[in-house]
Amino acid sequence: MSIVITGNPGVGKHTITQELGKKMNCPIVDINRVARNSGLFEKNGDTNDIDTDRLAKILEQEISRQDIVVGHLAPYVLRRDQVRIVIVLRKSPYDLVSVYMDRGYSDEKIKENAGSEILGVITHDAIAKFQDKTFQVNVTGKTVAESVDDIMSVIKGRRGEQIDWLDLVRGPDSLKGFFAD
């Protein structure tokens, strides 16, 4: 069964997974690349819509027991029996806003993605689907090597972290910066 790395856009999934793959000598299956190569991206404003049912069927053929699978769509396109462990990378929403601005995201897309991180949407969906196979790792302020070491510790049996960004964004006007009016 595969190791899965997921999380919101901008947390470092692909960069960290590349190093993890080298360290573990495992092939990587990039969910976005599979979707793109299969012609499943459909432009919708500044986002891409994907037929997750079709993508799930394609991934059944693409994933082996030795792979590291990476992508924010993992909770929506993989089955529980396909995965050994799911690592949800988490990053401070304040840091993510900077990443999204550097990527040229619209204000709406910035709020949507940062708000998703604050609320832990991907974490919630991963836990709902994969249950006790799901662990969180906070990558805020860490190097790629430190993040890989933390992931390796979780893979070897150490429990992940409990991350709640709501404490970080408390205050009368703090949430307004992350959510649409």
Side-chain angles (χ1 to χ4, degrees), residues 2-17 20 30-32 35 46-50 52 55-56 59 68-80 82-103 105-144 146-155 157-181:
S2 296
I3 295 169
V4 176
I5 306 296
T6 191
N8 276 321
V11 297
K13 293 180 299 295
H14 292 86
T15 303
I16 291 168
T17 298
L20 183 64
D30 181 334
I31 294 172
N32 285 345
D46 63 352
T47 63
N48 290 305
D49 290 338
I50 297 173
T52 54
L55 181 55
L59 286 168
I68 300 173
V69 181
V70 61
H72 71 283
L73 294 173
Y76 316 107
V77 298
L78 299 175
R79 296 184 322 268
R80 180 173 160 72
Q82 289 176 293
V83 305
R84 185 177 102 195
I85 190 168
V86 177
I87 308 290
V88 182
L89 301 183
R90 305 290 306 273
K91 187 178 245 183
S92 164
Y94 291 106
D95 289 5
L96 285 177
V97 167
S98 297
V99 171
Y100 300 150
M101 290 174 76
D102 289 347
R103 290 182 177 183
Y105 284 14
S106 68
D107 286 343
E108 181 180 341
K109 191 170 181 178
I110 290 171
K111 286 182 177 185
E112 178 183 319
N113 283 296
S116 174
E117 177 64 24
I118 290 168
L119 297 175
V121 172
I122 290 179
T123 302
H124 172 272
D125 293 348
I127 291 169
K129 181 103 171 239
F130 306 114
Q131 300 159 353
D132 61 339
K133 295 181 178 188
T134 306
F135 301 91
Q136 299 176 69
V137 171
N138 185 352
V139 298
T140 306
K142 294 181 182 172
T143 66
V144 172
E146 291 168 331
S147 298
V148 168
D149 287 345
D150 286 351
I151 291 167
M152 290 299 298
S153 292
V154 172
I155 291 169
R158 188 200 87 190
R159 291 283 169 215
E161 303 166 69
Q162 294 298 318
I163 300 162
D164 182 357
W165 298 126
L166 287 174
D167 286 341
L168 182 66
V169 295
R170 285 193 180 183
D173 293 325
S174 296
L175 288 176
K176 287 182 183 177
F178 294 104
F179 295 97
D181 296 328

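Since we're looking at a predicted model, the values are computed, not measured.
- Under a 3.5 Å cut-off, the side chain of Arg90 and the backbone N or O of Glu117 do form a donor-acceptor pair.
- Put simply, the side chain of Thr6 gets close to the backbone of Gly71: a donor and an acceptor are under 3.5 Å apart.
- No donor-acceptor pair closer than 3.5 Å links the side chain of Ser153 to the backbone N or O of Arg158.
- The heavy-atom pair separating Pro9 from Leu96 by the smallest distance is O-CD2, 3.7 Å.
- If you take CD1 on Ile155 and CD1 on Ile68, they are separated by 6.5 Å, rounding to the nearest 0.5 Å.
- Here the side chain of Lys129 pairs a donor or acceptor atom with the backbone of Leu78 at under 3.5 angstrom.
- Under the 6.0 Å distance and 45° angle rule, Lys133 does not count as a cation-pi partner of Phe130.
- Atom CD of Gln131 has more than 12 heavy atoms from other residues, nucleotides or ligands within 6.0 Å.
- Once rounded to the nearest 0.5 Å, the distance linking CD1 of Ile87 with NZ of Lys13 reads 14.0 Å.
- Shown here for Gly141 and Asp95, the closest heavy-atom pair between the two residues is N-OD2, 4.3 Å.
- Smallest separation of non-hydrogen atoms from Val11 and Ile16: O-CD1, 4.3 Å.
- Annotation: the span from Thr140 atom OG1 to Leu89 atom CG amounts to 10.0 Å, rounded to 0.5 Å.
- Within a 6.0 Å radius of NE2 in His14, other residues, nucleotides and ligands contribute more than 12 heavy atoms.
- Looking only at side-chain heavy atoms (C-beta outward), His72 and Asn32 come within less than 4.5 Å of each other.
- The CD1 atom of Ile163 sits 13.5 Å away from the CD1 atom of Ile118 when rounded to the nearest 0.5 Å.
- Separation of atoms OG (Ser116) and NE2 (His124) is listed at 12.0 Å; rounding is to 0.5 Å.
- Checking side-chain atoms of Ser92 against main-chain N and O of Tyr94 turns up a donor-acceptor pair under 3.5 Å.
- Under a 3.5 Å cut-off, the side chain of Thr134 and the backbone N or O of Ala126 do form a donor-acceptor pair.
- Residues Val4 and Ala74 come closest through the heavy atom pair CG1-CB, 3.5 Å.
- Contact record, Gly10 with Val99: CA-CG1, 3.9 Å, taken as the closest heavy-atom pair.
- Residue Met101 places its CE atom among 12 or fewer non-hydrogen atoms of other residues, nucleotides or ligands, all under 6.0 Å distant.
- Listed here is the closest heavy atom pair of Glu146 and Lys142: OE1-CA, 3.3 Å.
- Summarising the geometry, atom CD1 belonging to Ile127 is positioned 12.0 Å from atom CD1 belonging to Ile122; distances are rounded to the nearest 0.5 Å.
- Two residues are said to be in side-chain contact when any heavy atoms from C-beta on lie closer than 4.5 Å; Tyr100 and Asn8 meet this criterion.
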